[in-house]
*Asks:* 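The structure under discussion is supplied below as structure tokens; questions concerning it will follow.
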Amino acid sequence: MKRTLLFVVAAFSLLACSPSRTPLKVMTFNVRVGMANDHENSWQYRRKAAADMILDQRPAVFGVQEAVDFQLDYFLEQCPMYQCVGVGREDGVKGGEHMSVFYDTTRIALLDWGTYWLSETPDVPSLGWDAACKRTATWTLLKDLSCNKEFFFVNTHLDHMGEVARQNGLALIVERIGKMNPNGNPMILTGDFNVYPEDPCLTDLRKMMTDAWETAPEIDEGPTWHDWGKVSGTRHIDYIFYSGFPKCTSLARVTQSYDNVPFVSDHYPVVAVLE
């Protein structure tokens, strides 16, 4: 009887942390830099809609691109269950755009984090190769409190002009991912890569990680950068890659409007659910 009881307790313990019961919802979101003069799509008119989208989607973790400090502050104010880490790409403090990682503190604990620059001198604020802008990657080591498992989450934004900068920047991320994870913890990489899926700069990354666009059983085909509704087609430039998770059960663009605002950004957020 005692042995049977122990078996039942153990079974329930495993069930409580079963991947099917604790799916991890993640998101990548290029928020469109807040200083841009986008007329009716400027930040002041869409900021509440953007925050409401986050609250509605409620990802456990998400990475943002192009966000400046007052946009981050607004998200933290409106979405108090989240905290974030990241630095400004211009000075390593607050200056310029942040590739910050947000995490839901009711589900996720932050264990460690850092930022490096996609350049020949990655440990200091710097411009890399033929890039038009300084580019960074923010990495985090997180713990899923629902099952006490650790995983890495990395967020980046590759250059929109420099082909060499995209190639070498992503190669640097691949190299650092390999070195930072000797124990083989699950890993997630999100970002605006500014390339279409067939671009050769993704080749080495695909050897190490899985593209959620290619493995989700159902995907929402369409552009992720839409330029305020002007872009059509099916190709995307925003990505969620993963390793160490058995599968991705869904991937979708967030295309609905919030608060009667047509677009939360000039990119659609992309959401994936990982087991």
Side-chain angles (χ1 to χ4, degrees), residues 26-36 38 41 62-68 71 86 88-90 96-101 115-120 122 125-139 153-177 188-206 208-209 211-214 219-242 251 253-254 263-272:
V26 300
M27 181 172 74
T28 183
F29 181 24
N30 184 319
V31 305
R32 174 63 171 167
V33 63
M35 293 91 70
D38 291 317
N41 294 309
F62 65 97
V64 297
Q65 302 88 41
E66 293 196 22
V68 291
Q71 291 174 294
R89 69 185 186 185
E90 297 303 321
E97 298 173 14
H98 295 57
M99 265 41 72
S100 292
V101 174
T115 293
Y116 53 88
W117 279 256
L118 306 185
S119 75
E120 298 92 328
S126 48
L127 186 69
W129 304 286
D130 60 346
C133 307
K134 293 176 183 175
R135 300 293 182 178
T136 62
T138 298
W139 64 270
F153 188 102
V154 184
N155 179 54
T156 194
H157 189 182
L158 300 183
D159 200 65
H160 65 298
M161 295 293 291
E163 183 176 347
V164 176
R166 289 193 297 269
Q167 180 75 44
N168 291 349
L170 196 52
L172 176 64
I173 292 172
V174 169
E175 176 189 359
R176 292 233 169 176
I177 284 175
I188 301 164
L189 171 64
T190 62
D192 174 359
F193 290 0
N194 273 313
V195 296
Y196 294 126
E198 66 272 17
D199 195 281
C201 81
L202 299 173
T203 300
D204 288 340
L205 176 60
R206 294 189 191 282
M208 177 179 288
M209 302 184 75
D211 185 350
W213 284 100
E214 296 185 349
I219 60 172
D220 174 29
E221 288 282 5
T224 52
W225 175 69
H226 55 79
D227 193 21
W228 312 113
K230 301 172 188 173
V231 176
S232 59
T234 60
R235 295 197 295 177
H236 52 270
I237 63 173
D238 298 271
Y239 293 84
I240 297 174
F241 277 80
Y242 65 94
L251 181 135
R253 301 173 303 151
V254 182
F263 306 108
V264 297
S265 176
D266 64 340
H267 288 239
Y268 292 122
V270 179
V271 175

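Residue numbers start at 1 and run along the sequence shown.
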*Asks:* Side chains of Arg206 and Phe241: closer than 4.5 Å at any heavy-atom pair?
*Replies:* yes
*Asks:* Apply the side chain to side chain contact (heavy atoms under 4.5 Å, CB included) test between Val31 and each candidate in His267, His98, Gln71; give the one that qualifies.
*Replies:* Gln71
*Asks:* Is it the case that the side chain of Trp213 and the backbone of Asp238 share a donor-acceptor pair, with hydrogens and angles ignored and the cut-off at 3.5 Å?
*Replies:*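 Answer holds: yes.
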*Asks:* How many angstroms lie between atom CG of Asn168 and atom CD of Glu163, to the nearest 0.5 angstrom?
*Replies:* 10.5 Å
*Asks:* Looking at Val101 and Asn155, what are the two nearest heavy atoms and their distance?
*Replies:* CG2-CB, 3.9 Å
*Asks:* Does Asn194 reach the main-chain N or O of Leu158 with its side chain, forming a donor-acceptor pair under 3.5 Å?
*Replies:*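 Side chain of Asn194 to backbone of Leu158, a donor-acceptor pair under 3.5 Å: yes, one is there.
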*Asks:* About how many Å separate CG of Leu189 and CD1 of Ile177, when rounded to the nearest 0.5 Å?
*Replies:* 5.0 Å
*Asks:* Kindly assign one of parallel, tilted or perpendicular to the pair His226 and Tyr268, based on the angle between their ring planes and the thresholds 30° and 60°.
*Replies:* tilted
*Asks:* Is there side-chain contact between Thr224 and Thr28, with heavy atoms separated by less than 4.5 Å?
*Replies:* no
*Asks:* Are any non-hydrogen side-chain atoms of Pro122 and Arg176 less than 4.5 angstrom apart?
*Replies:*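 Touching, per the 4.5 Å side-chain cut-off.
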*Asks:* OG1/Thr136 to OH/Tyr116 distance, rounded to the nearest 0.5 angstrom?
*Replies:*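 Between Thr136 OG1 and Tyr116 OH, I get 9.5 Å after rounding to 0.5 Å.
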*Asks:* What's the spacing between Asn30 CG and Asp266 CG if we round to 0.5 Å?
*Replies:*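 Asn30 atom CG to Asp266 atom CG measures 6.0 Å (nearest 0.5 Å).
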*Asks:* Which pair of non-hydrogen atoms, one from Ala137 and one from Leu118, has the smallest distance, and what is that distance?
*Replies:* CB-CD2, 4.2 Å
*Asks:* Does a side-chain heavy-atom distance below 4.5 Å link Asp192 with Ile237?
*Replies:* yes
*Asks:* Let me confirm one number: the CH2-CZ distance from Trp117 to Arg135, rounded to the nearest 0.5 Å.
*Replies:* 14.0 Å
*Asks:* Would you kindly say whether Thr190 and Gln65 are connected by a side-chain donor-acceptor distance under 3.5 Å?
*Replies:*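 Note: Thr190 and Gln65 side chains miss the donor-acceptor criterion.
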*Asks:* For the residue pair Asp220 and Arg253, what are the closest heavy atoms and their distance?
*Replies:* OD2-NE, 2.9 Å
*Asks:* So, for His236 and Gly222, which heavy atoms are closest and what is the spacing to 0.1 Å?
*Replies:* CB-O, 4.1 Å
*Asks:* Quick one, Asp159 and Cys133 - any side-chain contact, counting heavy atoms below 4.5 Å?
*Replies:*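 The answer is yes; the side chains approach within 4.5 Å.
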*Asks:* To the nearest 0.5 angstrom, please state how far the OG1 atom of Thr203 sits from the CG atom of Leu170.
*Replies:*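 Interatomic distance, Thr203 OG1 to Leu170 CG, rounded to 0.5 Å: 9.5 Å.
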*Asks:* Output, in order, the C-alpha distance, side-chain angles, deciding distance and verdict of ring pair (Phe, Tyr, Trp, His ring centres under 6.0 Å) for Phe193 and Tyr239.
*Replies:* CA-CA 7 Å; Phe193 290 0; Tyr239 293 84; 5.0 Å; yes
*Asks:* Does the Thr138 side chain pair with the main chain of Met99, one donor and one acceptor, at a distance under 3.5 Å?
*Replies:* yes
*Asks:* Which heavy atom of Gly34 sits nearest to which heavy atom of Val68, and what is that distance?
*Replies:* N-CG2, 4.2 Å
*Asks:* For residues Gly233 and Pro223, report the shortest heavy-atom separation together with the two atoms involved.
*Replies:* O-CD, 3.0 Å
